[in-house]
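Take a look at the structure below.
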Amino acid sequence: MTRINLKKRDATKFETYSTAPKVSKLCHILNRGEGEVNILRRLIEVIIILMMFNLSIGIFRFWNDTIKKILAIKEINVAFFALCVQMTTTEVLPLCALVESYCTNNIIFYYNENSEKQQKIRKERRVKLKRLEDVNIKFFMTLMGFSVLMPWLQSVYIVLKRNNYGDIQELPFVLFSYYPEQYKSITLHAIIQTGYGVFLIINELQMYCIFTAMYMASQTLTDEFDLLVTCLEEIDANIRDYDLVRKHLKGDVDNVKHQSAYENKLQTFLSKIVDHHSSLYSNVEVMNRRISSLCFATINAFTFQLFTCVMCAIEMENLATRVKYVFFIFFVGSLMILCASIGQNISDKGEEVRNALCNCSWVDKPEWFKKSILIMLIRSSKPLVIMPFGLYVLDLKRLAVILNGIYSYFNVIY
């Protein structure tokens, strides 16, 4: 059986993948060598530890100031998410390898040149993946502008042009920070916010790599499920065009186990369907384990982020700051929908495969064919789901429950 092995993939071996050139090159830049990988990781981890220590003190100092207290908790939440991003960076290249293996035809289970559906799926998926990569880089570059450049320029404008600031604690910030009274100065604010800006840029570039690779892998598996469903629907047509299908098959394609030539062709073709079915289900399980930490952090950490962004967009007086938080609402909501849609798409495709197995033309086929279909149907009877750490099913229903909870909590406070 042919299967993409994501488990034994060497995450430190850097390659440029034609299906995800920007992601693989950027991952190579951010993780250029073993020593530099450790330096970058240690730097981010030190910043995270210092953030949490500073903000923990800030929570107690601003205990009676609701907005500042919630902002401090929000930034601790950001630090937690950044830590989860660090844990998931090693999964980018294996996910890119999965996409590359399917999309560059390194693995072909079957291909009928006369099938318009199969041709359409294979032709369009590379275009969709390239569009996805391009849209994501623009999306995350815009995020960098709103999260880093805008607040930094606001601070510079207020200090240099207007020169009417009072407490530097009130100046616009890249990330909220607590400044002890005896150390408050413009220099300290500039140094800390510049450091936070570098930290966020690195973290957001890593997020771009991870989320793009994750969604491309999900999209690739979704397309492969569509190919499997199409093949089950067109079994008879594929056997009729067996000579066209045969030249694309790999491995042993000359099985002679039956007296009938038709049954030999059917046996060979069915073995490829079984391989494809088993490969997809195995790779979904492996992908689930690889993206669990990121999906768990995105859904849980971003739930609080969404609430605080809505609150800040209402409470903040500065227009530019309000615009920043409105964009953050859009950004956080988009990533939460992205994660939920990945789980939803996988679940939907599992249901489509079950229906295709039930509805394929098995009635007039040999007994051994029916038994093979039944075995695949039994394997498919278990719902195909994405479950972060096995805690809950990630789909649009789960997202609706979370959003409803945020709305209820918001109503209680306001």
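Quick note: residue numbers are just sequence positions, from 1. Just so you know, these numbers use all the heavy atoms, side chains as well, and skip hydrogens, waters and symmetry mates.
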Legend entry - Side-chain heavy atoms of Met387 within contact of Tyr392, under 4.5 Å: no
With rounding to the nearest 0.5 angstrom, report the [atom1] to [atom2] distance, [X] to [Y].
X      : Y      : atom1 : atom2 : value
Leu71  : Leu55  : CG    : CG    : 10.0 Å
Leu357 : Arg379 : CG    : CZ    : 12.0 Å
Cys309 : Phe328 : SG    : CZ    : 6.5 Å
Trp362 : Leu377 : CH2   : CG    : 10.0 Å

Legend entry - From CA spacing to verdict: salt bridge (Lys or Arg N to Asp or Glu O under 4.0 Å), Asp134, Lys138: CA-CA 7 Å; Asp134 293 339; Lys138 293 176 182 177; over 6 Å; no
For [Y], does its backbone N or O pair with a side-chain atom of [X] as donor and acceptor, under 3.5 Å?
X      : Y      : result
Ser341 : Leu338 : yes
Gln206 : Gln86  : no
Glu75  : Leu175 : no
Thr298 : Met336 : no
Ser279 : Asp275 : no
Lys371 : Glu367 : no
Gln193 : Trp152 : no
Thr220 : Val99  : no
Asn77  : Ile73  : no
Asp395 : Gly343 : no

Inset, instruction - May I ask you to check whether His277 and Ser380 show a side-chain donor-acceptor distance below 3.5 Å? - result: yes
Legend entry - With sequence neighbours excluded, residues passing side-chain contact (heavy atoms from CB on, under 4.5 Å) with Ser334: Phe139, Phe330
Inset, instruction - Have a look at Lys349 and tell me which of Asp226, Asp223, Thr222 forms a side chain to side chain donor-acceptor pair (under 3.5 Å) with it. - result: Asp226
Inset, instruction - Begin from the C-alpha positions of Phe199 and Ile48 and carry the test side-chain contact (heavy atoms from CB on, under 4.5 Å) through to its verdict. - result: CA-CA 9 Å; Phe199 164 73; Ile48 290 173; 4.0 Å; yes
Which of parallel (below 30°), tilted (30 to 60°) and perpendicular (above 60°) describes [X] and [Y]?
X      : Y      : answer
Phe176 : Phe173 : perpendicular
Tyr102 : His276 : tilted
Phe302 : Phe81  : tilted

Inset, instruction - Flag the pair Lys130 and Glu133 as a salt bridge only when some basic side-chain nitrogen lies within less than 4.0 angstrom of an acidic carboxylate oxygen. - result: no
Inset, instruction - Identify which one of Phe60, Phe53, Phe62 satisfies the ring pair (Phe, Tyr, Trp, His ring centres under 6.0 Å) criterion when paired with Tyr178. - result: Phe62
